[in-house]
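Single-structure report; data block below.
The model shown is predicted, which means the values in this text are computed figures rather than measured ones. First listed ligand is number 1; within each ligand, the first listed atom is number 1.
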Amino acid sequence: MRLRGLYAITDSQLLADGKLLPYVEAALDGGARLLQYRDKSTDQARRLREAEALRSLCERYGANLLINDDAELAARLGVGVHLGQGDGSLAAGRALLGSQAIIGATCHAQLALAEQAAREGASYVAFGRFFNSNTKPGAPAATVELLQQARACLSLPIVAIGGVTLETAPQLIANGASLLAVIHALFSAESAQEVARRARAFSDLFATN
Ligand SMILES: Cc1ncc(COP(=O)(O)OP(=O)(O)O)c(N)n1
Ligand SMILES: Cc1nc(C(=O)O)sc1CCOP(=O)(O)O
Ligand SMILES: [Mg+2]
């Protein structure tokens, strides 16, 4: 499976009030290849319900669903997981989810973390934040030079995250990002049609780069 393109990540605030499914469907319709369900609440029943609905949508559009932080929920649904540095071991996630699952790893701005993630069985490594992020302003900062170095020494797909917009995206792709993970610049839209338009514009950047 080729991991390249737009990687949409859900946000509980931006997608409140019944927007989760229509806005995600619009992102998938606009070409998002990966979708991450990122919900920090402890309402397990709602999380399961929403994740199941997102899995159905992803299946319909031929995209892949990943669950943020929660390998157990991912295993229950038979989907992938994204794990940060404090979210449990990648090797344990791989053992739980199997060889075919997509497992992503947060590597902040550190190549050494990415090399370790590769050794432990990650499917992709994520660096960030590259620009000012509305969603996570305090995340450690990464540079475009880091992307170039990572591209030169890693064979795994590289995700760029943090402040990715239609304006900042081209330089990330040009410097080695295989996937662009986006929250605010995608889901802060006033309508589902606008989400689809933005998703198409992000996806088109990969056709020309
Ligand atoms: C694609 C992608 N990259 C990085 C992150 C951040 O993960 P983490 O550091 O665990 O922080 P939270 O998202 O859990 O707040 C991510 N979620 N996705
Ligand atoms: C969840 C997350 N992780 C980051 C990291 O740098 O690890 S930045 C981030 C938020 C990304 O949202 P937006 O597209 O709105 O900036
Ligand atoms: Mg996490």
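Of the N or O atoms in Lys136, none lie within a sub-3.5 Å distance of an N or O in ligand 2. Backbone and side-chain nitrogen or oxygen atoms of His184 are examined, and one is located within less than 3.5 angstrom of a nitrogen or oxygen of ligand 2. For a threshold of 3.5 Å applied to N or O pairs, the pair formed by Gly163 and ligand 2 contains at least one separation below that value. Ligand 2 has no N or O atom lying under 3.5 Å from any N or O atom of Arg38, backbone or side chain.
The distance from atom OH of Tyr7 to atom CG of Leu179, rounded to the nearest 0.5 Å, is 8.0 Å.
No side-chain N or O of Thr135 forms a donor-acceptor pair with one of Arg38 less than 3.5 Å apart.
Proximity to Arg38 (heavy-atom distance under 4.0 Å) selects the following atoms of ligand 1: 12 (P), 13 (O), 15 (O). Interface of Asp69 with ligand 1, defined as ligand atoms under 4.0 Å from a residue heavy atom, comprises 10 (O), 14 (O).
Ionic pairing of Glu194 and Arg197 is present here: one or more N-O contacts between side-chain nitrogen and carboxylate oxygen are shorter than 4.0 angstrom.
In terms of protein heavy-atom proximity, atom 14 (O) of ligand 2 is nearest to Ile183 N, 3.0 Å. The nearest heavy-atom contact from the protein to atom 5 (C) of ligand 2 is Ile161 CG2, 3.8 Å. The protein atom (non-hydrogen) at minimum distance from atom 18 (N) of ligand 1 is Gln36 NE2, 3.0 Å.
The Mg ion (ligand 3) has Asp69 OD1, Asp87 OD2 as its protein N, O or S neighbours under 2.8 Å.
Heavy atoms from both the backbone and the side chain of Ser133 come within less than 4.0 Å of ligand 2.
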